[in-house]
Colleague: 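I'd like to ask you about the structure that follows.
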Protein chains: 2
Amino acid sequence: MTRRIPQARERGIPDATVARLPLYLRALNGLAERGTATVSSEDLAVAAGVNSAKLRKDLSHLGSYGTRGVGYDVQYLIYQISRELGLTQDWAVAIVGVGNLGRALANYGGFVSRGFRVAGLFDADPAVVGERIAGLVVEHADGLESVIRKRGVSIVVIATPATAAQQVCDRVIAAGVTSILNFAPVVLTVPDGVDVRKVDLSIELQILAFHEQRKATGGPMMGDEWPDGVVVVSERGAALGEASQ
Amino acid sequence: MTRRIPQARERGIPDATVARLPLYLRALNGLAERGTATVSSEDLAVAAGVNSAKLRKDLSHLGSYGTRGVGYDVQYLIYQISRELGLTQDWAVAIVGVGNLGRALANYGGFVSRGFRVAGLFDADPAVVGERIAGLVVEHADGLESVIRKRGVSIVVIATPATAAQQVCDRVIAAGVTSILNFAPVVLTVPDGVDVRKVDLSIELQILAFHEQRKATGGPMMGDEWPDGVVVVSERGAALGEASQ
DNA sequence: GTGCCTTTGTGAAGCGATGCACAAAGTAGG
DNA sequence: CCTACTTTGTGCATCGCTTCACAAAGGCAC
């Protein structure tokens with residue numbers, strides 16, 4: 001029986017903290033490459049682009065791994081964060097949908113470098129099946145379930161068109177997958193216990209456009225008028241005038 | 001002089017709300033295609049995958065565009081959200097870095113569909129310059145500044161290797177760009193007034209791995225031991241035992 | 001017009017994340 | 001050993017977002 005370690009790391013690291021740990025890890029790896037042995041919270045915070053108090057609080061959730069008056073041991077902290085994130089084991093990832101994006105992902109070096117191994121590429125298009133990409137042969141999506149089970153795939157990346165995404169999602173969940181990274185522009189419906197993270201290029205651009213418009217004009221185009229000239233009535237019944245107002 | 005509209009939409013929509021507006025927009029477009037004329041907050045919330053109270057509060061930040069007892073007019077709400085996000089004008093986007101990811105982005109249909117127009121592709125590699133992708137000819141990165149000014153590019157997508165990202169970032173900012181979508185795995189340093197949004201595939205996977213590990217074992221591998229067997233000391237000076245403890 | 005039903009818009013409570021500021025804990029030097 | 005200095009870890013106040021719950025507002029039937 002493995003006893004629990006009664007520590008600060010008493011289960012339950014805030015989501016916001018988890019989302020920043022990979023950032024710290026990357027900054028630490030940069031420092032390690034330059035031969036830095038120890039680093040203060042202040043310096044690491046600058047490298048990661050966050051507030052130093054936040055950094056310290058984040059790290060305190062993992063345990064007390066710093067030395068007061070000195071800072072953090074770079075190598076040791078890399079190991080602890082990697083372990084917390086589960087990067088000391090390697091994860092088999094399958095990519096479903098080998099279009100432009102799927103190819104880019106398959107070739108992306110960042111995956112392999114950190115405990116992630118692309119264990120399968122799938123597509124429904126017979127013209128693509130059999131093609132060799134990044135050292136793997138694209139398989140037909142029919143074999144999805146069996147390959148997931150056979151190769152122990154635990155994370156699936158969905159890079160299919162929007163119309164196919166939910167179906168692929170359902171199938172991989174049925175095959176036992178509980179972690180999905182979705183690039184298709186749809187809201188996936190999943191049962192409890194399944195984690196979905198979404199990356200949506202179009203949404204990111206729209207958010208930028210919002211801020212860009214703010215900066216340029218101080219707000220959206222004036223007037224609540226319809227493009228075809230219908231004047232509408234705002235709340236409180238106050239009728240608005242021409243668009244040029 | 002354009003007078004201000006003294007309304008609920010008195011500047012300052014919460015960031016969290018702005019990030020969800022594109023989601024609502026997509027759900028609304030889906031409804032519109034199916035010919036739905038009006039929709040209740042409850043139904044729209046389900047389609048967008050959020051809580052209905054949150055949806056109503058979000059929409060209330062734009063103005064009072066619903067009708068009590070009925071719901072929201074789909075077409076009208078599409079127009080209002082589009083206007084708020086700045087999608088009624090079109091934005092010239094440049095993509096810098098035409099590797100696998102840059103190509104995928106250039107070919108991505110989601111850009112063109114919603115007010116975004118790819119106005120330039122750039123790369124530093126002479127072997128890529130001149131290639132035709134998605135109807136555009138890849139230009140050399142030397143011409144970045146002049147093309148940005150000439151074609152009125154206001155949003156730049158950085159899809160270069162990490163090492164080149166900060167330099168590209170500095171150059172496009174110097175050319176007047178204030179909105180950047182960054183795919184390179186680095187923290188970009190920018191002056192105030194410039195918006196950067198980051199998409200980092202590797203970070204998303206690491207977050208998934210964290211949760212996956214949680215589900216599988218209830219936490220990270222037990223023990224604070226180094227891989228090579230060095231026993232370390234936790235906070236409070238309490239020495240920890242073997243990994244099997 | 002009157003009453004009933006539906007759905008919005010929002011006050012207020014709850015919750016989690018952020019950042020300040022400082023005591024505790026360590027190093028270094030004499 | 002004692003003092004001076006550095007840096008961590010954290011209590012606490014604050015902030016912003018989420019969620020509940022309900023009054024206000026509109027539609028509809030009669």
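Order of the sequence lines fixes the chain letters, A, B, ..., with proteins taken first and strands second; residue numbering starts at 1 for each chain.
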Colleague: When you measure from the side chain of Trp91(B) to the backbone of Gly86(B), do you find a donor-acceptor pair of N or O atoms at a distance under 3.5 Å?
Modeller: yes
Colleague: If the test is side chain to side chain contact (heavy atoms under 4.5 Å, CB included), which one of Asp200(B), Thr160(B), Leu101(B) qualifies with Phe183(B)?
Modeller: Leu101(B)
Colleague: Please check: side-chain N/O of Gln213(B) versus main-chain N/O of Glu84(A), any donor-acceptor pairing under 3.5 Å?
Modeller: yes
Colleague: Summarise how protein sits on nucleotides 13-19 of chain C as a single string, 5' to 3': B when a protein heavy atom is under 4.0 Å from the base, S for sugar-phosphate-only contact, - for no contact.
Modeller: ----SSB
Colleague: State whether a side-chain donor-acceptor pair under 3.5 Å links Gln80(B) with Tyr76(B).
Modeller: yes
Colleague: Measure from the ring center of Tyr65(B) to the ring center of Tyr72(B) and say whether it is less than 6.0 Å.
Modeller: no
Colleague: Closer than 3.5 angstrom, by distance alone: can the side chain of Thr36(A) be matched with the main-chain N or O of Ala32(A) as a donor-acceptor pair?
Modeller: no
Colleague: Does Asp43(A) use its side chain to pair, donor to acceptor, with the backbone of Val39(A) at less than 3.5 Å?
Modeller: no
Colleague: Please tell me whether Ser41(B) and Arg56(B) have a donor and an acceptor in their side chains that are separated by less than 3.5 angstrom.
Modeller: yes
Colleague: Is the side chain of Lys215(B) donor-acceptor paired with the backbone N or O of Thr178(A) at a distance under 3.5 Å, no angle test?
Modeller: yes
Colleague: Go through residues 28-37 of chain A and report each residue with a non-hydrogen atom lying under 4.0 Å from DNA chain C, sorted by number.
Modeller: none
Colleague: Using a 4.0 Å heavy-atom cut-off to protein, can you give one letter per nucleotide of nucleotides 1-8 of chain C, 5' to 3': B if the base is in contact, S if only the sugar-phosphate is, - if neither?
Modeller: -----BBB
Colleague: Within the distance-only criterion (no hydrogens, no angle test), does the side chain of Ser82(A) pair as donor or acceptor with the backbone N or O of Ile78(A) below 3.5 angstrom?
Modeller: yes
Colleague: Could you tell me the separation between the CG atom of Leu59(B) and the P atom of dC17(D), rounded to a whole number of Å?
Modeller: 16 Å
